[in-house]
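A short worksheet on the structure shown next.
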Amino acid sequence: MTAASASQGRRRAAHDRAASPRRAPHARPAGRTKQHLKTALGLFFTAVMLFPVYWMINVSLTKDTDMRADPPRLLPLDGTLEGYRAVIEQQMPYLGTSLIVGLGTVALTLVLSAPAGFALAKLRPKGGGALSFVLLIAQMIPGIIMAMGFYAIYLRLGVLNTVPGLILADSTIAVPFGVLIFTAFMSGIPDELINAALIDGATRWRTFVSVILPVSRNAIVTVSLFAFLWAWSDFVFASTLDGGGDAQPITLGIYQYIGNNNQQWNAIMATAVVASIPATLLLIIAQRYVAAGVTAGAVKD
Amino acid sequence: MTTLRLRVAAAFAITACLVAGCSSSSDSGDTGGEAGGTYTIWDPYPQFDGSSDWVKLLTRCGTDAGVTVERTGYDTTDLTSKALLAAQQGNSPDVLIVDNPVVSTLADAGVLTTTDELKVDTSAIEPNLLAAGQIGGEAYGIPIGANTLALYYNKAVLDKAGVDPAAIKDWAALTAALEKVKASGKKGITFSAIGTEEGSFQFLPWFWGSGANLTQLDSAQGIAALELWNGWVKSGYAPNSVLNNTQTTSWQEFATGDFAFSENGTWQLANAKKTGFEYGIIPIPSQAGGTAPAPTGGEFVTAPVQAETGRYAVTEKLIGCLTSADNAYTTDTTLSYIAATEAVQQKQVAANEELKVWVDAVKAAKGRTSDDLGTKYPKISQPMWTAFQTALSGSASPADALKTAQTTAAAATK
Amino acid sequence: MAHDVMTRVPASAPADVGARSPRRRKGRHWTAWAFLAPVVVYLVAFYAYPLYRNLDLSLRHYTVRSFVQGDAPFSGLDNYRTVFADPTFGPALLHTLVFTFVSIAFQFAIGLALAVFFAQNFRLSATLRALFLVPWLLPLIVSASTWTWMLNSDSGIVNTALELIHVDPVNWLTSPDWALTSVIIANIWIGIPFNLVVLYSGLQAIPADVYEAAAIDGATGWQRFWRITFPLLRPVSAITLLLGLVYTLKVFDIIWIMTKGGPADASTTFATWSYRLSFGNLLPEFGPGAAVGNLLIIMALFFGLLYIRFQRRQA
């Protein structure tokens, strides 16, 4: 936010927010009808947006013989739970792996990006700007190119088809993003806080761990959420680097239903439905923190 | 370059330590050649997990040979590049099971051993099936089984339209039947004309059935084949969705019970019983009459080249076990394939009379890479699928589309 | 979110933390790099090598044989020449640009409209906003296949709906005139949540008293949007657009699953073309595939630099 007006506006926003934290900028006294109208409109938009998701659920419940019925069935009235039966029986280990991979990616991303963000935001070394630009560019490398390069390295090191290997690969999606986010959030922390700690004789590492990290809770939640979501839905790395072996994530579990000649679509869709439930819950829970985190990051003195 | 690689590897190792802990040693990819030891097998059957008959068979074959088998199932479309990358890194599996048109590509890359080197007996294998894995007189693998294409039909739909499926012996009769079906208010035929190898696989019975040859895509016969498909789509005998249909999608369309015919493979037999309507199967007719040669599908068991040739002895035992009559029978039943040897084929027909038509179809079938096309085939197949996509989507006439395809293919295979 | 990041890092003035003396500054410098060391090692290990390999692949003449044996002769820019001379090049470039810019324009416009809408707190607004993110959670193979399902020429729900209102059915995925449009629609759908999240957080940062002042001045809702919201949101918008661009240029899975880049080349972009060359064929052509991939990176770099320039001008 280099525009003076914007940064000034922000500063004021901070005060405003302190006074009434849950207040939305556009909120104005409005009639009850207007409120209802907005809710109705919101419901409508959401319904349109989620129609493909509904269709996915519909297909997951459809019998093989009705999949291409013309005209298509709007409701799976004469449906089947075959897909779900297959998923419940077979997919749970994959869900477990996805969970481990997701959490592992979150941990690795945090460990790598938080100190880097602190250094870039508060210690400002020579060459920091260049590093930030490299991080920006790093996000531009297509995943498939990364995956091909990784394959050769992983083969040599024997981490192909292992969970740590996949965590490492998945983290490459999130680490540049994480560093940039942490940099932004941590530059918002007042210098006085750090100086006080330094004067008290704390090392920079100690300052980072016991002063910076605790006040960066929002940034940690934001980065964690994105790292988790990317790892959860990653397919390119998983299929290239973890195509074999015992521990495969849910995006590959779907391949149980994609044979070399045949695909079981109701089971594929059912897998997606089942797989998205834990992630959706996580999202709804984290939603509050994320909104708060993002705002806090944008608002700084 | 080597130093860079080393440095990169070192950097990698350090970072890996952060995650995995330095004490944990690598537990995969090590194909050290100590006796006993671990032998790796890659297959394109990700749908089978540890509890399946297939994986149990692999484990048993390993136990019989006195080794541990480490099996990995990859998605079939990924397996070629993965096998190449692994070979480049000197880390090929001991046994590799791949789709038959890929065999020539891998053989050309020097990745595979010949069956002579490995001392595997191929004498019992049907020659037309083995041919898909032969280049320059050498065989590079053994078919684990085979599948091919034929026409499934819906009895009720044909009865209603007054069509006798047994009378469909040539293209004209088929098109006439489709016309009657359409007139009776039902849908004609569905197939897969998708822009991938799958589409080429489905186009070939018609292409070959016209008498055309892959070395000349824009011959009069080739154009006639494409015009046949094009005419069906334009007249509404086949749905427009064929352009984007995989073979599964096209099967789903047939399974609705609205379609008279579906060009599909051996592997749908199990699903056909689940449709709830009476069905039958006829061979794909050729233009002039008689059965058209359909392409063979199915995988080959191959043995990639190893630095330690001492491993071949065990590999040979593994392959012998996988392709032995009893095991092949089990495997082909699981995969819904037709066996590659006469003896097992007879056993299959004895157990299930319905397979007779498929055994005949497989006998008439032809490998895509046969006729010594080898690695030229992929370079012809891609222009070919581009041609039928172009023609069916109405961007060019069949003749023009095939002419362009021939130019591209000729340049690529020169 | 990300907006602050890019804007701040290159452009900010060093607000020094405990750097009063040269010695301390030097010490701080080293400490800083100690903090950064893991990330630097990480970048070198995981980005440098894939990039180097991709460059190497694109500069040698690889056949399947030489790919395996590792003795491919250096061929300079031959692969790039092959790619430029390929009849697919022109259409692929055009489709890449159309796909990227149309996708971004709609994602951004719809995302912004929704962000403004959801910023007015009403009943259920937080929950509905959370639900908007659900498409993000689905594996792409599933969401793209669902679109394929809905857009099917014969049994798709979209054509059935069109029939109800007496509009001729459209061959969404199988007509060369519509295939690109169809994949763009699906991509816009997938991109809306990202834009909504970033822009919503940007809106949250705009102080309410600015609006209150405007309300006193008697500005209408529309005026408020153009005079206040939009200008104040400009930096956030810039980074949203840049990230959207980077992510959209890379998209290949949606297109690959929906149309395979077809019919013929009607929806082929650089990303799908690169994938088809390297993986979508029985006979992989790694050299040209890598060359196309590198062209994509160059395009992304170009827009990245453009963004930095825009940033400088803003400052």
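The model shown is predicted, which means the values in this text are computed figures rather than measured ones. Heavy-atom basis, side chains included; hydrogens, waters and symmetry copies ignored. The sequence lines fix the lettering, A, B, ..., with proteins before strands; numbering per chain opens at 1.
Between Val142(C) and Met269(A) the shortest heavy-atom distance is CG1-SD, 3.7 Å. Residues Met49(A) and Pro135(C) share a closest heavy-atom pair of CE-CG, 4.0 Å.
Contacts between Asn152(C) and chain A at a heavy-atom distance below 4.5 Å involve the side chain alone, from C-beta outward. Residue Val40(C) touches chain A through its side chain alone, counting heavy-atom pairs closer than 4.5 Å. No part of Ser125(C) comes within reach of chain A, as not one of its non-hydrogen atoms sits under 4.5 angstrom from that chain. Interface residue Leu43(C): only side-chain heavy atoms are found under 4.5 Å from chain A. Heavy atoms of Leu114(C) lying under 4.5 Å from chain A belong exclusively to its side chain. Leu249(C) does not touch chain A: none of its heavy atoms, backbone or side chain, sits under 4.5 Å away. Contact of Leu131(C) with chain A is made through backbone and side chain together, with heavy-atom distances under 4.5 Å.
Under the 30°/60° scheme for interplanar angles, the aromatic rings of Phe150(A) and Phe46(C) are found to lie parallel.
With sequence neighbours excluded, no residue forms a salt bridge (charged side-chain N to carboxylate O under 4.0 Å, His left out) with Asp154(C). With sequence neighbours left out, the salt bridge (charged side-chain N to carboxylate O under 4.0 Å, His left out) criterion links Arg276(C) to Asp265(C).
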Would Leu123(A) and Leu36(C) count as a side-chain contact (heavy atoms from CB on, under 4.5 Å) if you check the C-alpha gap in whole Å, the side-chain angles of each, and the deciding distance to 0.1 Å? CA-CA 10 Å; Leu123(A) 304 176; Leu36(C) 288 172; over 6 Å; no
Test Met150(C) against Phe51(A) for side-chain contact (heavy atoms from CB on, under 4.5 Å), laying out the working first. CA-CA 10 Å; Met150(C) 298 194 312; Phe51(A) 184 78; 3.7 Å; yes
Might you work through the side-chain contact (heavy atoms from CB on, under 4.5 Å) test for Trp55(A) and Trp147(C), ending with a clear yes or no? CA-CA 9 Å; Trp55(A) 203 248; Trp147(C) 276 97; over 6 Å; no
What do the steps show when you test Thr31(C) against Trp205(A) for side-chain contact (heavy atoms from CB on, under 4.5 Å), and what is the final call? CA-CA 9 Å; Thr31(C) 322; Trp205(A) 177 251; over 6 Å; no
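Tested against Leu128(C), the residues Thr46(A), Leu50(A), Leu41(A) include a single side chain to side chain contact (heavy atoms under 4.5 Å, CB included) partner, Thr46(A).
Listed options Ile250(A), Thr271(A), Leu43(A) were ranked by heavy-atom pairs under 4.5 angstrom with chain C; first place goes to Leu43(A). The greatest number of non-hydrogen atom pairs below 4.5 Å with chain C, out of Pro52(A), Gly42(A), Ala69(A), is found for Pro52(A).
In summary, the side chains of Tyr42(C) and Ser171(A) do present a donor paired with an acceptor at a separation below 3.5 Å, with no hydrogens or angles considered.
Side-chain contact check for Val53(A) versus Ser143(C): every heavy-atom pair is 4.5 Å or farther apart. The side-chain heavy atoms of Leu74(A) and Ile157(C), taken from C-beta on, include a pair separated by under 4.5 Å. At a threshold of 4.5 Å between non-hydrogen side-chain atoms, the residues Thr146(C) and Val59(A) do not count as touching. Counting heavy atoms from C-beta on, the side chains of Arg204(A) and Phe35(C) come closer than 4.5 Å. For the pair Met146(A)/Tyr47(C), a side-chain contact is recorded, criterion being any heavy-atom separation below 4.5 Å from C-beta on.
Note: Trp265(A) and Trp149(C) meet the aromatic proximity criterion, with ring centroids under 6.0 Å apart.
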